[in-house]
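The model shown is predicted, which means the values in this text are computed figures rather than measured ones. Counting convention: from 1, in listed order, for ligands and their atoms alike.
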Amino acid sequence: MDAAIRTRDLTKAYPKVTALDGLDLEVARGEVFGYIGPNGAGKSTTIRLLLDLLRPTRGSAEILGLDVRRRGVDVRRRLGYLAGELALYEEATGRELLTFLARLRGGVGRAYVAALADRFGLPLERPIRELSKGNKQKVGLIQAFMHRPEVLILDEPTSGLDPLLQRTFHELVAEVSRDGATVLLSSHVLSELEHVADRVAMIRAGRLLAVERIEDLKRSAPRKVAVTFAAPVAAEDFAGLPGVSGVDVRGPLARFTVHGGMDAVVKAVARHEVVSLTAQEPELEELFLDRYDAKGAQGGPPGAAAPGATSRERGADA
Ligand code: ADP
């Protein structure tokens, strides 16, 4: 894989807690990659290690093929970063701060900054200290995107944004990704990532549990089907069909769950007169959490990862 971000055995241990435990991760160029886990899972630690704001206990990380420790300056030139806990100069206005940061970076188009501010509806002339959390977050996002970086690393980017602005943000991510940028973004809520990410990695207690394509998660998802027929039907009409389980028939209403292809179900249904049919996908969150709980059980409480975990445990699903 032509990786934009690659970590090998990346580990950060504190005296009482292994915040990140042997992370092996590859994010392809041009990919939008979601990083999900509950609070305390190790998301920010990973991101801070990638930014070389923290030093690993062991292991290494590369961005665009450059070691983040030895080539930190070169990496940062090509990177956009949004911190999880934003600290901005409170006295400056949004415009002053962005102009200042743009000068530090160089190569930032004024028109692009203005366009981004306009798109997010950021009041540029107000002092930062007077801005709401959401408006501060917009300043953070604009400074991350304004130099059109090749790689964007965004820690909880949609926190504080209302749903409309989340959509604006998702559109922006899709645009820069189409132009070839790689985006890694973290969240503790999968639904915030499902419309924007190609793949999602899930971590818990410092360990990588799974990396999945959103598409695959959706495809493998069981569907809850409910059919209302014009006349009563028999449970046996559906019970034996491939992939069908949990058949519940009450008069003309049939409900069941379908795993895999729907072909046999559609044909069986079509033998009767149909009034209405719905096929509902479960929430992605639910699907992920199912696997999560099964595997997380070995991991102990969040943040309590044992430093002596074996590589099999660590990398089971990588
Ligand atoms: P997330 O971003 O997923 O919420 P973090 O990466 O912030 O999680 O934290 C992972 C774990 O490491 C947590 O248990 C946290 O308490 C611990 N941790 C983070 N920073 C430090 C630190 N400087 N000293 C000790 N423990 C820390």
Verdict with reasoning, D74 to R78, per salt bridge (charged side-chain N to carboxylate O under 4.0 Å, His left out): CA-CA 7 Å; D74 297 321; R78 297 163 69 181; over 6 Å; no

Using a side-chain heavy atom cutoff under 4.5 Å and only I, L, V, M, F, W and Y, what cluster partners does V258 have? V225, V227, F229, V233, F238, L241, V244, V247, V249, F256, M262, V265, V266, V269, V274, L277

V183 meets the side chain to side chain contact (heavy atoms under 4.5 Å, CB included) criterion, sequence neighbours left out, with V32, L152, L154, V173, V176, L185

Show the atoms of ligand 1 that are less than 4.0 angstrom away from any heavy atom in K43. 1 (P), 2 (O), 3 (O), 4 (O), 6 (O), 8 (O)

Pull out every atom of ligand 1 sitting under 4.0 Å from any heavy atom of N39, numbered as shown with elements. 4 (O)

Hey, which atoms in ligand 1 end up nearer than 4.0 Å to a heavy atom of T45? 5 (P), 6 (O), 9 (O), 10 (C)

Tell me which part of V17 gets within contact of ligand 1: side chain, backbone, both or neither, using heavy atoms under 4.0 Å. side chain

Short N or O distance, G40 and ligand 1, threshold 3.5 Å exclusive: yes

The atoms of ligand 1 lying under 4.0 Å from a heavy atom of A41, numbered in the order shown, are 1 (P), 3 (O), 8 (O)

Within-shell test, G42 vs ligand 1, heavy atom, strictly < 4.0 Å: yes

Contact atoms of ligand 1, heavy-atom distance to S44 under 4.0 Å: 1 (P), 2 (O), 6 (O), 7 (O)

Are any side-chain N or O atoms of T57 and backbone N or O atoms of A13, one a donor and one an acceptor, separated by less than 3.5 Å? yes

Check ligand 1 against P38 and write out every atom of the ligand that is under 4.0 Å from a heavy-atom position of the residue. 3 (O)

